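Everything numeric in this text was worked out from a predicted model, so none of it was measured.
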Number of protein chains: 2
Amino acid sequence: MDLSSVEIFLAVASARSVTKAAKAVGRVPSNVTTRVQQLEEDLGVVLFSRDGKKMTLTREGETFLAYSNRLVVLALEARQAVRPVVPSGTLRVGTMESTAASRLPAALTQFNQMWPEVSLRLTMGASRDLARDVLNGALDCAFIARPPASMLEQDVAFDAELKSLEAEAVFIEDLLIVLPSGHPQITSAADLRVGSLAALEPGCTYRRIAEHWASQSSSLPTTELGSYHAILASVATGDAAGVMPRSVLDLMHWPANVQTHQLGPVETLLIYRQNDRPSAFSAFQEVLSTIKVRDPRLATN
Amino acid sequence: MDLSSVEIFLAVASARSVTKAAKAVGRVPSNVTTRVQQLEEDLGVVLFSRDGKKMTLTREGETFLAYSNRLVVLALEARQAVRPVVPSGTLRVGTMESTAASRLPAALTQFNQMWPEVSLRLTMGASRDLARDVLNGALDCAFIARPPASMLEQDVAFDAELKSLEAEAVFIEDLLIVLPSGHPQITSAADLRVGSLAALEPGCTYRRIAEHWASQSSSLPTTELGSYHAILASVATGDAAGVMPRSVLDLMHWPANVQTHQLGPVETLLIYRQNDRPSAFSAFQEVLSTIKVRDPRLATN
DNA sequence: CTCTCTATTCAGGAATCGAGATTTTTCGTT
DNA sequence: AACGAAAAATCTCGATTCCTGAATAGAGAG
């Protein structure tokens, strides 16, 4: 039995979708289908019932799910246990506000459980600033949003900085414009009936993407706020459109019928210096890759 | 991580030898070497220290060993847990005396632990009789010694019976002639200075192999005894040469300097009827395959 | 009914795997 | 010290598996 098949199974089980699972594990849907079928044949059991488009776990699938989680965790622990130098000291992680809120809690918890003697220092910031801090050594690694190619053309220094760092795609976010309740549906920025965009700091990639989108058909000022809670509050007043990934919006039990507009998928990158991976960082990377597979919310269109 | 690599690692760890491990898992030594190296690279750690011909576990190897056992067991449990129909009822297993003594205890224990509601009925017998009983349905499966080709040519009925059954090689035994203490070393049956061969029933394949070997250069009568203990006792009197696999001899803390002669490797087969694998039997087969990998004594030259 | 979205099937090229032959090293023996 | 046997590692070459991208089939929404 191949543990990568088990990870694929976990991804499908939590996404209840082959397509989403394929995104989550960085493979192509046909491959995911095949691996699941192989697993089913190997076990001699049907794991999913394919009713229409939905993939729902069968009873056997449910019981295998429990074992799969244990298997993957155990394999991770084995991997960590043989690490020649035990991670210790401080790991300085930079992160966007949004990632810290929606993606990191599970990973940080597991990491802390596994390596209690490593002290984690978390720094919030905008992608632009985080990249610089990783490069100059103030951070060991950071989660940033991958800037679209068009943005990098205009910010050559940023482009150069990223090129000199290692980057690994770890999450995919569905970037949204959140509209006040009652606001009519929009297809472009021209349809906006608000006075401003509510976003975080200027260095925030999400903000820059949204501003670029808005500038194509209107000229809205940006209101700068300190947190996603502040942004949502501002949207609730009725005169601002908020910018945030869907995963963050999902966290904030907001009325379900909130009106949103998709700006498209944006990858979250984990960046770090080449040839400089302290033992604590490698451990963090491994924990992250395992968590990723097992978290239902990690794949988005 | 591929669990078959982990199983190979376990085999090497317990055999402390690539060659033996290769025999145990039914692969070629070069393959075992490669898989172990892959595993080491994947984990970023050296698992064995190669001092000369010996493969000894490093400190990291030791800790990985513990996890490997848990991983393999957990995978087995997962496999068993999803079994669509829970095994129950009676499983009738036939076995040679020798297999029951040396190989089965571990497997039967684990099976009983895993499926307490299956009642195991063990029947001892000679290979020849066991095969017939499996064929006529008196047994669900049996462990027999694979008869050499020359024997099957002379016993066409036996050959036909085996051909109509499924057979899977599960162990390899090193068949020995055990000599009385003080007996000079021998290279052929002509060197024997005893009055008889001590063996089990006529249908016993080991006995027939030994008799065939003896008949080439001398004509010794065979003394038929009821158990391996009786055979050894008979050898101790000084006038008989015993026939038994090394694994059995090893069990009977006999003086270490016992004089033996190798008759060569003999495979133990698990035989069962085609298209008739009750759920309890499949479960038994799976437990067996896992146990096999983890038992130090399952590979012999 | 059509359009879209999803899972599956299919075909190819790439990568991996395993067996056997060869080489290198070690250990036991003379 | 030299030789021979045995074991691990390396190398090469088919065979298999694996992954991707394209084509297909089927379901649900408008």
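Atom CD in A/E7 sits about 17 Å away from atom C1' in D/dC19, given to the nearest Å. Between the CG atom of B/L47 and the P atom of D/dA8 there is a distance of 16 Å, rounded to whole Å. Taking atom CG on B/D2 and atom C1' on D/dT17, their separation rounds to 12 Å, with Å as the unit. Distance CG (A/L39) to P (C/dT8): 14 Å, rounded to an integer number of Å. One can place NZ of A/K54 at 11 Å from C1' of C/dT6, the figure rounded to the nearest angstrom. Atom NZ of B/K20 and atom C1' of D/dA8 are 13 Å apart (whole Å). Across the protein-nucleic acid pair, A/N31 atom CG and D/dT20 atom P stand 5 Å apart, rounded to whole Å. The nearest whole Å value for the distance from the CZ atom in A/R27 to the P atom in D/dT20 is 7 Å.
A donor and an acceptor atom never sit less than 3.5 Å apart when one is taken from the side chain of B/S30 and the other from the base of C/dG18.
No contact: B/T34 has no heavy atom under 4.0 Å from any strand.
A sub-4.0 Å separation between OP1 or OP2 of D/dC19 and a side-chain N or O of A/R35 is present. A/R50 has no side-chain polar atom (N or O) that falls below the 4.0 Å cut-off from OP1 or OP2 of C/dA7. In this model, the phosphate group of D/dC18 is approached by a side-chain N or O of A/Q38 to a distance below 4.0 Å at OP1 or OP2. Dashed line: the shortest gap from a side-chain N or O of A/T19 to OP1 or OP2 of C/dA7 is under 4.0 Å. Dashed line: the shortest gap from a side-chain N or O of A/Q37 to OP1 or OP2 of C/dT9 is under 4.0 Å.
Comparing C/dA19, C/dA7, D/dA9 against the side chain of A/T33 picks out C/dA7 as the nearest. Among C/dC17, C/dT9, D/dA9, the nucleotide with an atom closest to any side-chain atom of B/V18 is D/dA9.
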Steps toward side chain to side chain contact (heavy atoms under 4.5 Å, CB included) verdict (B/K163, B/L165): CA-CA 5 Å; B/K163 283 218 173 61; B/L165 291 169; over 6 Å; no
Please report the C-alpha distance between B/R35 and B/S5 in whole Å, then the side-chain angles of each, then the deciding distance to 0.1 Å, and finally whether the side chain to side chain donor-acceptor pair (under 3.5 Å) criterion is met. CA-CA 6 Å; B/R35 298 293 288 250; B/S5 294; 3.0 Å; yes
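Within the 6.0 Å centre-distance limit, the rings of A/F9 and A/F48 are counted as a close aromatic pair.
In terms of heavy atoms, B/L71 sits closest to A/L74 at N-CD2, 3.7 Å. Here the closest non-hydrogen pair linking A/S102 and A/E173 is OG-OE2, 4.2 Å.
For the pair A/D51 and A/V28, nearest-nucleotide mapping onto DNA chain D gives the more 5' position to A/V28.
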